[in-house]
Asks: 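Please find one structure pasted underneath; my questions will follow.
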Amino acid sequence: MEDLHLEFTVVPDDFTRAGEVSGKVKKTLKDLGFPPLVVRRTAIAMYEAEINMVIHANGGKITVTINPDVITVVFADSGPGIPDIGLAMQEGWSTASEEIRDMGFGAGMGLPNIKKSSDYMDVQTELGVGTTITIKIFTNP
Amino acid sequence: MTTGDILKLDGITPSVYDEDKDVEKVFCCDLLSVAMARAPEGSAWVTVMTNANVVAVASLAEVACVVLAEGFDYDEAALKAARGKVTLLRSSDPVYETAAKIGALI
Ligand SMILES: Nc1ncnc2c1ncn2[C@@H]1O[C@H](COP(=O)(O)OP(=O)(O)OP(=O)(O)O)[C@@H](O)[C@H]1O
Ligand SMILES: [Mg+2]
């Protein structure tokens, strides 16, 4: 199989569509016959990163590369950036507003979930410029 | 046990119900990122959250159904998002009583 490239745009503040990209990629991986655990881990990581783009940044771009051995996903936004990534990676740390918390977000679990669900995670972030997160999920346990 | 068995319980009504699905566990949580990471596949997810994000998480986590407790009702956007995809039930009881009742069926 040749590498499969998929590109998506995430719209900011649109909660009715939040999770749509993750759902589409999940279906694609399922259809391609990847193991259920690989599909689930990708879906969890992607959902959290997608939602973070909707809530904390101004939307952004998701690029997925599917290879038989590894699934690579890049989440790029031009939002405010993350001031202290060490703090942001801690479970329970969140800057989500009251309004966002009322929707069920803001546990401060998203970034830790992404790390746990993927085999590799890299965060590049610059204040006022944006955040780019790259994750890899290896398909062979 | 299946979603159809849950529907037979007192105080449970369907909001979106397209097919009977196997239920293996009960899971209670209102924080979406916790549910996303921890809700077991094939579980009945009892919550008080009414919005469409619950449907997105339920679909991605592949729970068998969502059970909205406390007699609350789903948002219109949640119902719309769930049709043909995710089973949504309602319960007139609080979270604990709802979960205990479903758990007793397993
Ligand atoms: N793409 C992003 N751009 C800017 N800030 C971000 C971005 N992603 C995360 N953050 C910051 O990192 C914090 C922690 O993110 P994390 O996803 O772990 O928790 P959360 O989104 O606040 O809550 P949860 O994901 O549990 O609903 C956020 O509150 C926010 O301040
Ligand atoms: Mg988050």
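Just so we're on the same page: letters track the sequence lines, and every chain starts at 1. The structure displayed is predicted, hence computed values, not measured ones.
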Asks: By number, which residues in residues 88-106 of chain B have some heavy atom less than 4.5 Å away from chain A?
Replies: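 Heavy-atom contacts from residues 88-106 of chain B to chain A are absent.
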Asks: Hey, which of A:Val39, A:Ile44, A:Ile51 has the most heavy atom pairs under 4.5 Å with chain B?
Replies: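 Option with the top pair count is A:Ile44.
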Asks: Let me check something: do A:Ile62 and A:Leu4 share a hydrophobic cluster, defined by ILVMFWY side-chain heavy atoms less than 4.5 Å apart, either directly or through other members?
Replies: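 Yes, it is one cluster - the side chains of A:Ile62 and A:Leu4 are joined through contacts under 4.5 Å.
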Asks: Could you see if B:Val57 belongs to whatever hydrophobic cluster contains B:Phe72? Use Ile, Leu, Val, Met, Phe, Trp, Tyr and a side-chain cutoff under 4.5 Å.
Replies: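 Linked, B:Val57 and B:Phe72 end up in one cluster.
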Asks: Below 4.5 Å from any heavy atom of chain A, which atoms of B:Ala37 appear? Answer side chain, backbone, both or neither.
Replies: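 Interface part for B:Ala37: both.
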Asks: Assigning hydrophobic clusters by single linkage (Ile, Leu, Val, Met, Phe, Trp, Tyr; side-chain heavy-atom cutoff under 4.5 Å), is B:Val48 placed with B:Val34?
Replies: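 In one cluster: no.
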Asks: Is B:Ala61 in contact with chain A via its backbone, its side chain, both, or neither, using a 4.5 Å heavy-atom distance?
Replies: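 Contact with chain A is through both the backbone and side chain of B:Ala61.
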Asks: Are A:Ile133 and A:Leu6 grouped together when hydrophobic residues (ILVMFWY) are joined by side-chain heavy atoms under 4.5 angstrom apart?
Replies: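 In one cluster with A:Ile133: A:Leu6, yes.
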Asks: Tell me which donor-acceptor pairs, judged by distance alone and kept under 3.5 Å, run between chain B and chain A, one pair per line.
Replies:
unit_1: B:Leu32; atom_1: N; unit_2: A:Gly104; atom_2: O; d: 2.8
unit_1: B:Ser33; atom_1: O; unit_2: A:Asn113; atom_2: ND2; d: 2.8
unit_1: B:Ala39; atom_1: O; unit_2: A:Arg40; atom_2: NH2; d: 2.8
unit_1: B:Asn51; atom_1: ND2; unit_2: A:Met103; atom_2: O; d: 3.0
unit_1: B:Ser59; atom_1: O; unit_2: A:Lys26; atom_2: NZ; d: 3.4
unit_1: B:Leu60; atom_1: O; unit_2: A:Lys26; atom_2: NZ; d: 2.7
unit_1: B:Ala61; atom_1: O; unit_2: A:Arg40; atom_2: NH1; d: 2.9
unit_1: B:Glu62; atom_1: OE2; unit_2: A:Lys26; atom_2: NZ; d: 2.6
unit_1: B:Glu62; atom_1: OE2; unit_2: A:Lys30; atom_2: NZ; d: 3.4

Asks: Quick check for you: to the nearest 0.5 Å, what is the distance between B:Met49 atom CE and A:Phe105 atom CZ?
Replies: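 Reported to 0.5 Å precision, the distance equals 8.0 Å.
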Asks: Please say yes or no: joined through hydrophobic side-chain contacts below 4.5 Å, possibly via intermediate residues, are B:Leu31 and B:Val55 part of one cluster?
Replies: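 B:Leu31 does not cluster with B:Val55.
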